[in-house]
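One structure is given here, and the rest of the page talks about it.
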Number of protein chains: 2
Amino acid sequence: MAFQSASNAHLSSTAEEEAYLYLQQALRLGRYKPGHRLIPEAIAAEIGMSRMPVREAFRRLSADGLVTLRPNRGCVVAGLTLDQINEVFEIRSVLEGLAVRLIMPRLTLETFEELDRLLLRMERAGEIGGSDWVLRHQEFHAYLYGMSERPKLIRQIAALHVAIEPYMRIWFDYVDKPLSAREEHQNLIDALKSGDGAVAERVMQEHVLGTASLLADFATPNRR
Amino acid sequence: MAFQSASNAHLSSTAEEEAYLYLQQALRLGRYKPGHRLIPEAIAAEIGMSRMPVREAFRRLSADGLVTLRPNRGCVVAGLTLDQINEVFEIRSVLEGLAVRLIMPRLTLETFEELDRLLLRMERAGEIGGSDWVLRHQEFHAYLYGMSERPKLIRQIAALHVAIEPYMRIWFDYVDKPLSAREEHQNLIDALKSGDGAVAERVMQEHVLGTASLLADFATPNRR
DNA sequence: GTTTGGATGAGTGGATACAAAAATCCGGTG
DNA sequence: CACCGGATTTTTGTATCCACTCATCCAAAC
């Protein structure tokens with residue numbers, strides 16, 4: 001699965017990896033607010049290592065766009081403006097559109113069964129209300145793109161999902177339940193069943209951009 | 001400009017930055033073959049610093065996909081299989097297609113004048129034969145996308161250009177002069193002049209994928 | 001009251017030192 | 001002659017230390 005939860009990160013081989021997973025998880029959950037400065041020593045103490053591996057983790061997080069790193073000025077949580085969020089959704093729309101276009105020839109009955117299962121799980125998570133829904137939603141999409149057998153594409157999409165995850169969580173917590181989600185994703189499945197790559201691509205693009213506009217409509221409390 | 005040449009990297013503020021630019025440049029020029037192991041101490045000695053900043057540069061290069069980093073096993077030059085190269089072009093096609101769609105409303109007369117200038121420079125560089133053409137070509141595209149005012153999109157596209165640069169250079173050196181390049185890019189400009197975003201997007205996608213198939217046809221000596 | 005300059009301290013970047021892991025070498029064994 | 005196992009060497013990963021940068025604060029001048 002492309003989006004692993006790293007709650008028990010101490011299993012990882014290197015300290016740097018542990019620091020990376022720990023911080024990524026924290027940032028995905030929105031534990032640190034945008035603009036908050038991450039102090040290497042504090043983080044290092046939290047997970048029981050020295051500053052060095054934490055610093056290297058910072059670099060990776062910076063490459064992921066989750067933090068901003070300026071020379072001699074430390075590491076601050078990145079945070080996205082509304083414009084930047086919209087940009088991410090624009091990019092997502094074409095990348096995920098491409099992904100579904102590519103998987104069209106590989107779709108089988110089992111695929112659709114699995115998609116139904118994932119959709120059901122997503123729905124249930126939504127009813128319960130914990131922000132687990134966000135993960136189930138990612139899982140649904142990840143399963144789809146995973147079939148494309150395009151490692152770089154998959155990773156890029158996953159990185160974008162991670163980047164906007166805190167905002168998805170805030171949004172989801174706020175609107176309680178995205179009622180439209182069920183039919184949205186059912187539409188998607190239907191488009192896949194149509195067998196027409198161009199159609200599926202377009203529907204996926206619209207699905208992504210639709211989410212973007214919902215998120216944008218929902219006020220703009222996270223504009224930095 | 002999105003693609004700066006970093007020949008005199010000693011101007012940069014931090015040692016890590018210097019190491020990063022130095023290595024990126026070397027990798028772009030194809031100075032190290034895929035699979036070649038990069039020894040931190042050697043690099044550090046070359047540019048007069050300790051292993052530490054070089055290690056951090058490795059992490060950034062790894063995020064860019066230029067090297068592969070495995071725990072306790074060092075840093076090797078990444079190299080792309082033919083499949084991976086094609087994947088990069090697939091991703092490029094949709095991202096660059098999106099970019100031109102977005103810039104449509106911003107096009108002015110000055111834009112087209114600048115594009116003509118850039119096209120001319122590209123052409124001249126092609127006649128001279130130095131692999132400067134690759135840089136001029138990147139410049140042409142970068143100018144176009146730069147107008148989109150989508151920083152993330154621009155950076156992602158630039159990163160992909162960097163990743164395939166060594167292969168573009170090999171290809172260009174081999175086929176001597178991409179004769180079709182002139183009309184290819186003129187087509188692109190004409191599509192932009194049409195004012196139809198969907199058309200421009202499609203033409204750009206085809207332009208990118210066309211390059212991909214040219215590169216793929218030209219044998220596969222770089223398959224790992 | 002506002003601004004500017006410098007002292008002070010916190011924090012970052014980088015080098016060296018040390019520990020741990022791989023890779024290599026070498027002799028023994030089947 | 002090929003293969004296996006252990007010691008040695010090489011290389012990586014982490015910790016600690018030092019130098020330097022930047023931010024803050026206070027005082028003096030305007």
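Below, chain A is the first sequence line, B the second, and so on; all start at residue 1.
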Compare all side-chain heavy atoms of [X] with those of [Y] and state whether any distance is below 4.5 angstrom.
X: Arg92(B); Y: Ile157(B); result: no
X: Gln24(B); Y: Leu66(B); result: yes
X: His161(B); Y: Glu96(B); result: yes
X: Pro53(A); Y: Glu18(A); result: no
X: Tyr145(B); Y: Leu95(B); result: no

Separation of dG13(D) P from Arg55(A) CZ (nearest whole Å) =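 Rounded to whole Å, this separation is 15 Å.
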key: Listed once per pair and sorted, the ring-ring contact (aromatic ring centres under 6.0 Å, His included) pairs that draw on residues 43-82 of chain A, sequence neighbours left out   =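 Residue pairs passing ring-ring contact (aromatic ring centres under 6.0 Å, His included), neighbours aside: none found.
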inquiry  = Once you measure the plane-to-plane angle for Phe172(B) and Trp133(B), does it fall in the parallel (<30°), tilted (30-60°) or perpendicular (>60°) bin?
reply    =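 Aromatic pair Phe172(B)/Trp133(B) classed parallel.
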inquiry  = Pairing donors with acceptors under 3.5 angstrom, does anything connect the side chains of Tyr22(A) and Glu46(A)?
reply    =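 Yes, side-chain donor-acceptor contact under 3.5 Å.
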ask   = To 10°, what angle do the rotation axes through the five end pairs on each side of the helix from dG1(C)-dC30(D) to dG30(C)-dC1(D) form?
value =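 For the helix from dG1(C)-dC30(D) to dG30(C)-dC1(D), the axes at either end differ by 20°.
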note = Whether each nucleotide of nucleotides 16-23 of chain D has a protein heavy atom under 4.0 Å at its base (B), only at its sugar-phosphate (S) or at neither (-) is summarised, 5' to 3', as BB---SSS
message = List the residues meeting salt bridge (Lys or Arg N to Asp or Glu O under 4.0 Å) with Arg70(A), not counting sequence neighbours, and say none if there are none.
response =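 Scan of Arg70(A) (salt bridge (Lys or Arg N to Asp or Glu O under 4.0 Å), adjacent residues dropped) gives none.
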First-last contacting nucleotides on DNA chain C - partner chain A, under 4.0 angstrom, heavy atom =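 Endpoints of the contacted stretch of DNA chain C: dG11(C) to dA15(C).
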task = Determine the contact category for Glu16(B): base if any of its heavy atoms lies under 4.0 Å from a base atom, sugar-phosphate if only primed atoms, P, OP1 or OP2 are that close, otherwise nothing.
result =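 Sugar-phosphate contact only - Glu16(B) comes under 4.0 Å of backbone atoms but never of a base.
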key: With sequence neighbours excluded, residues passing ring-ring contact (aromatic ring centres under 6.0 Å, His included) with Phe140(B)   =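 With sequence neighbours excluded, Phe140(B) shows a ring-ring contact (aromatic ring centres under 6.0 Å, His included) to His185(B), given in chain and number order.
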